[in-house]
Amino acid sequence: QVQLVESGGGLVQAGGSLRLSCAASGSIFSIQAMYWYRRAPGNQRELVATITSGGNTNYADSVKGRFTISRDNAKNTVSLQMNSLRPEDTAVYYCAADIVPFTATRVLRNYWGQGTQVTVSS
């Protein structure tokens with residue numbers, strides 16, 4: 001069983017910073033791309049940032065220059081450093097990953113964490 005668990009959400013004032021972390025655990029053969037998504041109330045889910053297994057990154061235009069995604073392949077973790085936070089960044093943030101589980105078939109699957117709330121006050 002593979003699980004993703006996020007941590008690090010909370011309440012912060014506009015202009016402040018938060019760091020989200022996500023740890024993958026279980027029977028993992030390999031992890032390909034890892035992602036951070038968010039969903040604000042009344043909005044659709046938005047892809048915030050992506051990092052490949054090789055470390056290439058991509059960001060939504062709304063967070064470029066403010067957020068940084070990173071990963072530790074040895075620890076199976078992905079992080080999102082969020083600086084210069086704005087009230088519009090308020091959302092539930094989810095990590096996701098494309099993981100090959102350590103099973104007989106070893107089929108690549110997409111796994112999701114449970115989400116962590118980030119609230120930015122003005």
Side-chain angles (χ1 to χ4, degrees):
Q1 187 78 4
V2 174
Q3 287 187 319
L4 298 180
V5 178
E6 300 103 334
S7 61
L11 173 65
V12 65
Q13 287 190 328
S17 298
L18 279 176
R19 184 177 181 85
L20 305 182
S21 296
C22 174
S25 63
S27 298
I28 295 171
F29 178 74
S30 67
I31 302 178
Q32 305 305 311
M34 304 185 82
Y35 314 88
W36 284 99
Y37 286 83
R38 67 186 180 186
R39 176 173 280 167
N43 289 1
Q44 291 188 337
R45 185 177 64 196
E46 176 187 20
L47 176 58
V48 175
T50 303
I51 186 166
T52 68
S53 57
N56 294 317
T57 59
N58 195 36
Y59 298 92
D61 288 342
S62 58
V63 307
K64 278 181 182 177
R66 300 187 298 122
F67 290 11
T68 302
I69 188 171
S70 61
R71 65 189 285 172
D72 185 329
N73 291 331
K75 296 181 179 179
N76 290 340
T77 60
V78 62
S79 298
L80 186 68
Q81 177 66 41
M82 305 185 294
N83 299 327
S84 302
L85 282 162
R86 305 167 180 168
E88 54 264 38
D89 294 318
T90 295
V92 178
Y93 284 71
Y94 300 88
C95 74
D98 296 329
I99 295 175
V100 178
F102 208 168
T103 61
T105 56
R106 298 189 185 178
V107 175
L108 182 69
R109 284 185 52 193
N110 186 241
Y111 292 85
W112 288 78
Q114 79 288 352
T116 185
Q117 177 70 47
V118 171
T119 303
V120 184
S121 63
S122 56

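Heavy atoms only: backbone and side chains are in, while hydrogens, waters and symmetry mates are out. Keep in mind it's a predicted model, so treat the numbers as computed, not measured.
- At a threshold of 4.5 Å between non-hydrogen side-chain atoms, the residues S62 and R86 do not count as touching.
- Under the 4.5 Å side-chain heavy-atom criterion for grouping Ile, Leu, Val, Met, Phe, Trp and Tyr, V63 is connected to V12 within one hydrophobic cluster.
- Considering only heavy atoms from C-beta on, Y94 stays 4.5 Å or farther from R38 through its side chain.
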Compile the donor-acceptor pairs under 3.5 Å between side chains in residues 19-28 and protein atoms, sequence neighbours left out, one pair per line.
| unit_1 | atom_1 | unit_2 | atom_2 | d |
| --- | --- | --- | --- | --- |
| R19 | NH1 | Q81 | OE1 | 3.3 |

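- Two different hydrophobic clusters hold V78 and V92 under the rule that ILVMFWY side chains link at heavy-atom gaps under 4.5 Å.
- A heavy-atom distance below 4.5 Å is found between the side chains of Q117 and T90.
- I69 CD1 to T52 OG1: the interatomic distance, rounded to the nearest 0.5 Å, is 9.5 Å.
- When all heavy atoms of A49 and L80 are compared, the closest pair comes out as CB-CD1, 4.2 Å.
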TODO: Please report the C-alpha distance between Q114 and E6 in whole Å, then the side-chain angles of each, then the deciding distance to 0.1 Å, and finally whether the side chain to side chain contact (heavy atoms under 4.5 Å, CB included) criterion is met.
DONE: CA-CA 7 Å; Q114 79 288 352; E6 300 103 334; 2.8 Å; yes
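- Follow the hydrophobic side-chain contacts under 4.5 Å out from Y37 and you never reach L4; the two are in separate clusters.
- Contact of the I99 side chain with the R109 side chain is not registered, since no non-hydrogen atoms from C-beta on lie closer than 4.5 Å.
- Ring pair F67/Y93 is tilted by interplanar angle, where 30° to 60° counts as tilted.
- For the pair V2 and P101, the tightest heavy-atom approach, listed with the atom from each and the gap, is CG2-CB, 4.2 Å.
- Note that CG of D72 is 10.0 Å distant from CE of M34, once rounded to the nearest 0.5 Å.
- Side-chain contact check for V48 versus Y59: every heavy-atom pair is 4.5 Å or farther apart.
- Looking only at atom types and distance, the side chain of N110 has no donor-acceptor partner in the side chain of Y35 under 3.5 Å away.
- The OH atom of Y111 sits 7.5 Å away from atom CD of Q1, with the distance rounded to the nearest 0.5 Å.
- Residues L108 and Q32 meet the side-chain proximity criterion, which asks for heavy atoms closer than 4.5 Å.
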Task: Criterion side-chain hydrogen bond (donor to acceptor under 3.5 Å, both in side chains) on T50 and N58, from CA distance to verdict - done: CA-CA 5 Å; T50 303; N58 195 36; 5.5 Å; no
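- At least one side-chain heavy atom of N76 sits less than 4.5 Å from a side-chain heavy atom of I31.
- The backbone N or O of S121 sits nowhere less than 3.5 Å from a side-chain atom of Q13 that would complete a donor-acceptor pair.
- Residue S122 comes nearest to A14 through the heavy atom pair CA-CB, 4.3 Å, listed as atom of the first residue, atom of the second, then distance.
- Nearest heavy atoms, A60 versus E46: CB-OE2, 3.9 Å.
- Taking R66 as the reference, D89 meet the side-chain hydrogen bond (donor to acceptor under 3.5 Å, both in side chains) condition, with sequence neighbours excluded.
- In the hydrophobic clustering of this structure, W112 groups with L47; members are Ile, Leu, Val, Met, Phe, Trp, Tyr whose side-chain heavy atoms approach within less than 4.5 Å, directly or through other members.
- Contact annotation: the side chain of L85 approaches that of L18 to within less than 4.5 Å [non-hydrogen atoms, C-beta and beyond].
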